[in-house]
S.K.: 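Let me give you the structure first, and then I'll get to my questions.
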Amino acid sequence: MSNLRSIRGMNDIFPEEVRYWQRLESTVSDLLANYGYGEVRFPIVEHTELFRRSIGEVTDIVEKEMYSFDDRNGDNLTLRPEGTAGCVRAAIQKGILNTPQRLWYAGPMFRHERPQKGRQRQFHQVGVEAFGVATPDMDAELIVLTARLWHQLGIADAVELQINSIGNAQTRKRHCTALVEYLERHVDELDEDSRRRLQSNPLRILDSKNPVTQALLDNAPALPDFLDDESAADFSKLCELLGRAGVSFVLNPRLVRGLDYYNKTVFEWVTNKLGAQGTVCAGGRYDGLVEQLGGKSTPGVGFAMGMERLVLLVAELGLSATTFARADVYVVSVGDRAQGLALETVEGLRDILPGYRIVQHVGGGSFKSQMKKADKSGAKVALIWGDDEVDSATVTIKPLRRDVDTGQIGQQNLPLAELEAALVDALTE
RNA sequence: GUGGCCGUAGCUCACCAGGUAGAGCACCGGAUUGUGACUCCGGAGGUAGCGGGUUCAAGACCCGUCGGCCACCCCA
């Protein structure tokens, strides 16, 4: 048995939970369609090179979290750790970036991290990418769209929008230099992790959860002070548009993102209901990525939402999943003759009433045990066939969900010809 | 990758100075012959995650391993 377990961090999802997923997925796809986005599907596996070049060589994802392997040709492939790279690659390859594109996709991503609540090794994202528009109205649309989604899901009160602009490459370079210079004067006050990052990725020190480090950062060179004119103008335009759309936000000058390809606008929707894994949706602008991956210079903005985290949130305090009964009708039959008649009649019913969920009892058993199954199925009515019904060419129809008050059985025996009408009547109250 | 807590029937848990496992729920069957939900009766189901060690004896103690949770790291 020990060998036959699922891979660590890769979970099975059963019907009861899948209800929430389906609810979430359909809400998302309807919303995106309403905003004019088209769904794209591309492979889960790509050349490792694609991720190295887009995400960044020195990021944790590339350095230690990718599921990479050699295929039989000797090519080194990787299970996608995120979706943007593959989406960009696909868009370039298809040659559709000569005009603006609004795209989205959904599916599993893979990162070899330590599993935790809201963090799996196979997890699922919905990603949304907009290509070919450099102006901040595009950024605004994406954010506004997510805000609407939270309302539709009933979790708007549980999430907060944080935004920032990290400017262009020069901005970050100049800020980074100043930051490093400042921090090096205070190395002794830095925590161990931050000291390490001073060499590898100084910007990420801004993210530190260490209170001492955060206090130190209060007097550090702040990124917004280094912003180039265009980034600053675009950012204030974005803030203005968000205001017009009624989307409130928090400016977080220390918000940086982990992937190398971001520039200008970055944003995160966070919640405090999920413990340490509070980011539910995050993204930003990546104007250089398309060119970096071999396409013509094309601006882009996008974001990804973590489905597992959203499911947790929605299940806890959002819309309840549609109440789920496995059946409308449960078919009970005892005896070979009855079984045959039941199957024949029910298949006829499925032709006439295709929308009904009709569960046929299988596996035999007494009337009593079949009735128990009928009850547990959640069905509103049971159709019953036994020798009596066969002999008289009838069916017994029994309501299962009448209020408990009247002890009356309320079942009736009908000619087969009247079944359809009686069933429709019983199921439409 | 690091640290802390945890791992007993399908589920939630208990017992026990270390002496070869129990409850509730769920499941199955029955309470006169073809009928559910309530009640009553009965039944099945566990190599106590796995492996090793200490001991006359371990689910209970020790080590390892796998898995879960929480935090760090990182990120959706």
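Everything numeric in this text was worked out from a predicted model, so none of it was measured. Because only heavy atoms are used, hydrogens play no part in the values below, and waters and symmetry mates are left out as well, while side chains stay in.
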S.K.: Nearest to the side chain of Q116(A), which nucleotide is it out of rC72(B), rC69(B), rG29(B)?
M.R.: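 Minimum distance to the Q116(A) side chain belongs to rC72(B).
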S.K.: With sugar-phosphate meaning primed atoms plus P, OP1 and OP2, does G365(A) contact a base, only sugar-phosphate, or nothing at under 4.0 Å between heavy atoms?
M.R.: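 G365(A): no heavy atom of the nucleic acid under 4.0 Å.
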S.K.: To the nearest Å, give me how far apart CG (N11(A)) and C1' (rG68(B)) are.
M.R.: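 My rounded result for the distance is 10 Å.
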S.K.: Answer with yes or no whether R111(A) presents, from its side chain, a donor or acceptor under 3.5 Å of a partner atom in the base of rC75(B).
M.R.: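 For R111(A), whose side chain was compared with the base of rC75(B), there is no donor-acceptor pair (under 3.5 Å).
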S.K.: Counting only Watson-Crick or G-U wobble pairs whose two distances fall under 3.5 Å, which nucleotide matches rG67(B)?
M.R.: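 In the structure as shown, rG67(B) has rC6(B) as its Watson-Crick or wobble partner.
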S.K.: Given rC70(B), is OP1 or OP2 found less than 4.0 Å from the side-chain N or O atoms of K117(A)?
M.R.: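 Yes, because at least one side-chain N or O of K117(A) sits under 4.0 Å from OP1 or OP2 of rC70(B).
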S.K.: With distance as the sole criterion, do the side chain of R5(A) and the base of rC50(B) form a donor-acceptor contact below 3.5 Å?
M.R.: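 Such a pair does not exist between side chain and base.
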S.K.: Using heavy-atom distances to pick each residue's nearest nucleotide on RNA chain B, tell me which of R8(A) and Q120(A) is more 5'.
M.R.: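 By nearest-heavy-atom nucleotide position, the 5'-most residue is R8(A).
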S.K.: Answer with yes or no whether K398(A) presents, from its side chain, a donor or acceptor under 3.5 Å of a partner atom in the base of rU35(B).
M.R.: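 Indeed there is one.
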S.K.: Between rC74(B), rG30(B), rA76(B), spot the one nearest the side chain of Q125(A), thanks.
M.R.: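 So the side chain of Q125(A) is nearest to rA76(B).
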S.K.: Measure from the side-chain heavy atoms of Q411(A) and tell me the nearest of rC69(B), rG1(B), rU35(B).
M.R.: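 Within the option list, the nearest is rU35(B).
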S.K.: Just compare rA37(B), rA76(B), rG34(B) and give me whichever is closest to any side-chain atom of D375(A).
M.R.: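 So the nucleotide nearest the side chain must be rA37(B).
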S.K.: At under 4.0 Å between heavy atoms, what does K209(A) touch on the DNA or RNA strands: base, sugar-phosphate, or nothing?
M.R.: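 Here K209(A) touches the bases of the nucleic acid.
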S.K.: Which is true for E82(A) with a 4.0 Å heavy-atom rule: it touches a base, it touches only sugar-phosphate, or it touches nothing?
M.R.: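 Result for E82(A) = nothing.
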S.K.: When rounded to the nearest Å, what value does the distance between C1' atoms of rA26(B) and rG19(B) take?
M.R.: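 Each nucleotide's C1' atom is 32 Å from the other's.
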S.K.: Using a heavy-atom cut-off of 4.0 Å across all strands, would you classify E192(A) as base, sugar-phosphate, or nothing?
M.R.: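 E192(A): no heavy atom of the nucleic acid under 4.0 Å.
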S.K.: With P as the reference atom in both, quote the distance from rC15(B) to rA60(B) in angstrom, rounded to an integer.
M.R.: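 Approximately 15 Å lies between the P atom of rC15(B) and that of rA60(B).
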S.K.: Expressed in angstrom and rounded to an integer, what is the separation of F51(A) atom CZ from rC75(B) atom C1'?
M.R.: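 Roughly 16 Å, once rounded to whole Å.
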S.K.: The side chain of A304(A) lies closest to which of these nucleotides: rA76(B), rG36(B), rA71(B)?
M.R.: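 The nucleotide sitting nearest to the side chain is rA76(B).
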S.K.: Applying a 4.0 Å non-hydrogen cut-off, can you work out what D387(A) is touching in the nucleic acid: base, sugar-phosphate, or nothing?
M.R.: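 The residue D387(A) makes base contact.
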S.K.: Can E46(A) and R89(A) be counted as an ion pair, charged N to O under 4.0 angstrom?
M.R.: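 Salt bridge: yes.
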S.K.: What distance, rounded to whole Å, do you find between the two P atoms, one in rA9(B) and one in rA21(B)?
M.R.: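 It comes out at 14 Å once rounded to the nearest Å.
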S.K.: Of the options rG34(B), rA76(B), rC74(B), whose atoms approach the side-chain atoms of I384(A) most closely?
M.R.: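 For the I384(A) side chain, the nearest candidate turns out to be rG34(B).
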S.K.: With a cut-off of less than 4.0 Å, is there a side-chain N or O of K373(A) near OP1 or OP2 of rC28(B)?
M.R.: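 Answer yes for this pair, as a side-chain N or O of K373(A) is under 4.0 Å from OP1 or OP2.
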S.K.: Using the P atom as the reference point in each nucleotide, state the distance between rG24(B) and rU39(B) in Å, no decimals.
M.R.: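 Each nucleotide's P atom is 13 Å from the other's.
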S.K.: In the strands shown, is rG34(B) matched to any nucleotide by a Watson-Crick or G-U wobble pair with both distances under 3.5 Å, and which?
M.R.: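 Partner of rG34(B): none.
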S.K.: Calculate the interatomic distance between E63(A) atom CD and rG1(B) atom P; express it in whole Å.
M.R.: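 Atom CD in E63(A) sits about 15 Å away from atom P in rG1(B).
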S.K.: Counting Watson-Crick and G-U wobble pairs only, both distances under 3.5 Å, name the nucleotide matched with rC28(B), or none.
M.R.: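 Base partner found: rG42(B).
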S.K.: Please determine whether a side-chain nitrogen or oxygen atom of R204(A) lies at a distance below 4.0 Å from atom OP1 or OP2 of rC75(B).
M.R.: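 True: R204(A) side-chain N/O within range (under 4.0 Å) of rC75(B) OP1/OP2.
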S.K.: Between K372(A) and rC27(B), is there a side-chain N or O to OP1/OP2 distance below 4.0 Å?
M.R.: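 No, no such contact exists.
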S.K.: Is there a side-chain contact between K368(A) and the phosphate of rG36(B), meaning an N or O under 4.0 Å from OP1 or OP2?
M.R.: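 Yes.
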S.K.: Both V280(A) and S208(A) contact RNA chain B. Taking the nearest nucleotide for each, which residue is further toward the 5' end?
M.R.: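 Looking at RNA chain B, the more 5' nearest nucleotide goes with S208(A).
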S.K.: In whole Å, I'd like the distance from the OH atom of Y262(A) to the P atom of rC75(B).
M.R.: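 Distance check: Y262(A) OH to rC75(B) P gives 10 Å.
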S.K.: Do E65(A) and rG1(B) have a side chain to base donor-acceptor pair shorter than 3.5 Å?
M.R.: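 For E65(A), whose side chain was compared with the base of rG1(B), there is no donor-acceptor pair (under 3.5 Å).
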S.K.: Specify the separation, in whole Å, of atom CG of N210(A) and atom C1' of rC72(B).
M.R.: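 Atom-to-atom, N210(A) to rC72(B), this comes out as 11 Å.
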S.K.: Taking the side chain of R257(A) as heavy atoms from C-beta outward, which of rA31(B), rA76(B), rG3(B) is closest to it?
M.R.: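 My answer, after comparing the listed nucleotides, is rA76(B).
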